[in-house]
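Note sheet for the following structure.
Computed from heavy atoms alone, side chains included, the values below leave out hydrogens, waters and symmetry copies. Residue numbers count from 1 along this sequence.
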Amino acid sequence: MKPFPLLIKPASADCNLHCEYCFYLDRNTLYPDSNRHRMSDEVLELMISGYLATPQPQYIFNWQGGEPTLMGTDFFQKVVQLQQEYGKRGAVVSNSLQTNATMIDGKLAEFLARYKFLVGVSLDGPADIHDRYRITVKGHSSHSDVRKGVECLKRNKVEFNILTLVTAANVRKGREVYCYLREMGFYYHQYIPCVEFNRNNEPKPFTVSADEWGNFLCEIFDEWVRRDDMRKVSIRLFDSIIMLMVEGIYNECDMGRNCCQYFVVEYNGDVFPCDFYVEPEKKLGNIRNDSWEKLQKSPAYLTFGQQKTAWNNKCSQCEYLLYCSGDCLKHRLYRDKHPEELSWLYRLETILQAFNPDLQEACFLNHQRETTT
């Protein structure tokens, strides 16, 4: 059985923020019978016991939303108890939590530290940038609450990284965003391009273009190199390219050649193939009725994954195809819903070409760092 991690939505799309660009908010329409969605003890136990019964080199639980901290500390204590109860002797279990950090308090932070949860905090930059789209349900800013949550994580020595969505608000401010995060003492960065379309397949106002995304990455790369931060600051995309160059390993799903990478589990046990495709027609089954082996072998799942290599002919001629495999399906299935569509960010090869000489040096430095620590 091929190893697979879980991406779990214990509170579905419920959230205490109402970020204008959030692609997951409207997933609540999948479950209209209630305005409040919370994973039951029954579903939680079925999911954990069934997953820990499969043969895996490591059992990976990624808790996301919506906002997963709406579940409260007691829920995550139950998670760990069940993992300890059903885990085999010697099994390696990891938990990560992606959060807006506004609800992090001392009790939760202490728990996350004790059980070594890796936390991802969504932060788009300084307050004027972050608060452009990341607002509360009542329309208030969230930046100060995020900072309070982060300080709570730091006091409790919780491992965390920063996830920055690159939108119209910050795409021309790459250096400013990078320097802000660095000066705040954040040394693990993940930058993700915001690409969203309306029902007419037109880009929404916060969507970035290929050129904008490329320029943003080149700007933060130049600052990364100029400050000699290659040994100090981890930027996930750059690290992933280096990992591929040095070790020949893909460690980001959008770089791989097949989209059968993981399963999304919704609050009620429904299973989907991808975070971006939690849609009725993409539903694979439910953990109450379907085994993980059955889900992994389902024709719908296999067909979904195979779309990745059905890339455009221009991609086949591109010397940088190795690094993106035609790019994430989300960026390709936006017009005619056909995988042969060029990525909205198809000019990514110009980014790699622009910093290729310095990246070779980064490869050497990072490889040297990894082999001496």
Side-chain angles (χ1 to χ4, degrees), residues 5 7 58 60 62-64 94-101 117-125 130 150 153 158-167 170-171 173-175 177-182 184-195 208 213-225 227-256 259 261-262 274-276 320 322-325 327-328 330-331 343 345 348 351-352 354-356 358-367 369-370 373:
L7 195 161
Q58 181 179 7
I60 302 173
N62 300 300
W63 305 92
Q64 294 193 9
S94 70
N95 289 283
S96 69
L97 177 74
Q98 183 61 44
T99 176
N100 59 42
F117 275 59
L118 175 62
V119 177
V121 175
S122 297
L123 179 64
D124 288 353
H130 177 90
V150 168
L153 292 173
V158 178
E159 276 196 63
F160 69 93
N161 54 42
I162 299 296
L163 187 153
T164 297
L165 192 67
V166 181
T167 68
N170 56 10
V171 71
K173 300 178 179 180
R175 185 173 290 105
V177 171
Y178 177 81
C179 292
Y180 171 78
L181 296 180
R182 189 184 186 281
M184 290 296 102
F186 306 147
Y187 299 121
Y188 294 88
H189 304 185
Q190 182 179 1
Y191 298 95
I192 297 178
C194 183
V195 178
V208 299
W213 174 233
N215 291 335
F216 176 91
L217 288 178
C218 287
E219 193 171 315
I220 62 172
F221 182 86
D222 290 343
E223 191 65 19
W224 189 56
V225 172
R227 288 173 173 261
D228 195 25
D229 279 349
M230 292 175 285
R231 296 175 185 265
K232 188 174 185 179
V233 179
S234 167
I235 298 176
R236 183 170 175 179
L237 176 59
F238 300 164
D239 286 351
S240 295
I241 294 171
I242 291 167
M243 176 68 75
L244 183 58
M245 285 180 163
V246 175
E247 303 289 347
I249 297 172
Y250 290 107
N251 66 354
E252 283 202 42
C253 70
D254 58 348
M255 293 174 69
C259 286
Q261 300 277 351
Y262 61 90
C274 174
D275 194 22
F276 297 125
Y320 299 103
L322 172 68
Y323 300 99
C324 72
S325 300
D327 200 12
C328 177
K330 180 176 185 284
H331 302 153
S343 167
L345 303 173
L348 183 61
I351 302 164
L352 290 160
F355 62 53
N356 192 55
D358 281 331
L359 190 58
Q360 298 292 343
E361 175 68 11
C363 285
F364 171 75
L365 290 173
N366 277 270
H367 182 62
R369 176 182 63 186
E370 291 169 2
T373 55

If only side-chain N and O atoms count, and only distance matters, is there a donor-acceptor pair under 3.5 Å linking N62 with S96?
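Yes, because at least one side-chain N or O of S96 sits under 3.5 Å from a partner of the opposite role on N62.
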Between the main-chain N or O of [Y] and the side-chain N or O of [X], is there a donor-acceptor pair closer than 3.5 Å?
{"X": "K330", "Y": "V195", "answer": "yes"}
{"X": "N170", "Y": "T167", "answer": "yes"}
{"X": "N95", "Y": "F117", "answer": "no"}
{"X": "S325", "Y": "G256", "answer": "yes"}
{"X": "T164", "Y": "L123", "answer": "yes"}

The side-chain contact (heavy atoms from CB on, under 4.5 Å) partners of E223 (sequence neighbours excluded) come to R175, Y178, C179, R226, R227
Residue list, side-chain contact (heavy atoms from CB on, under 4.5 Å) with N161, at least two apart or on another chain
L118, Y188
Pairwise side-chain contact, F238 with I220, heavy-atom cut-off 4.5 Å (strictly under)
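A side-chain contact under 4.5 Å exists here.
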With a 4.5 Å heavy-atom cut-off, do Y250 and L322 have their side chains touching?
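Sidechains of L322 and Y250: in contact.
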If every non-hydrogen atom of [X] is compared with every non-hydrogen atom of [Y], which pair is closest and at what distance?
{"X": "P5", "Y": "Q261", "result": "CD-O, 3.2 Å"}
{"X": "D124", "Y": "L165", "result": "OD1-N, 3.1 Å"}
{"X": "V177", "Y": "G125", "result": "CG1-CA, 4.5 Å"}

Please tell me whether Y180 and F186 form a close aromatic pair, meaning their ring centres lie under 6.0 Å apart.
no
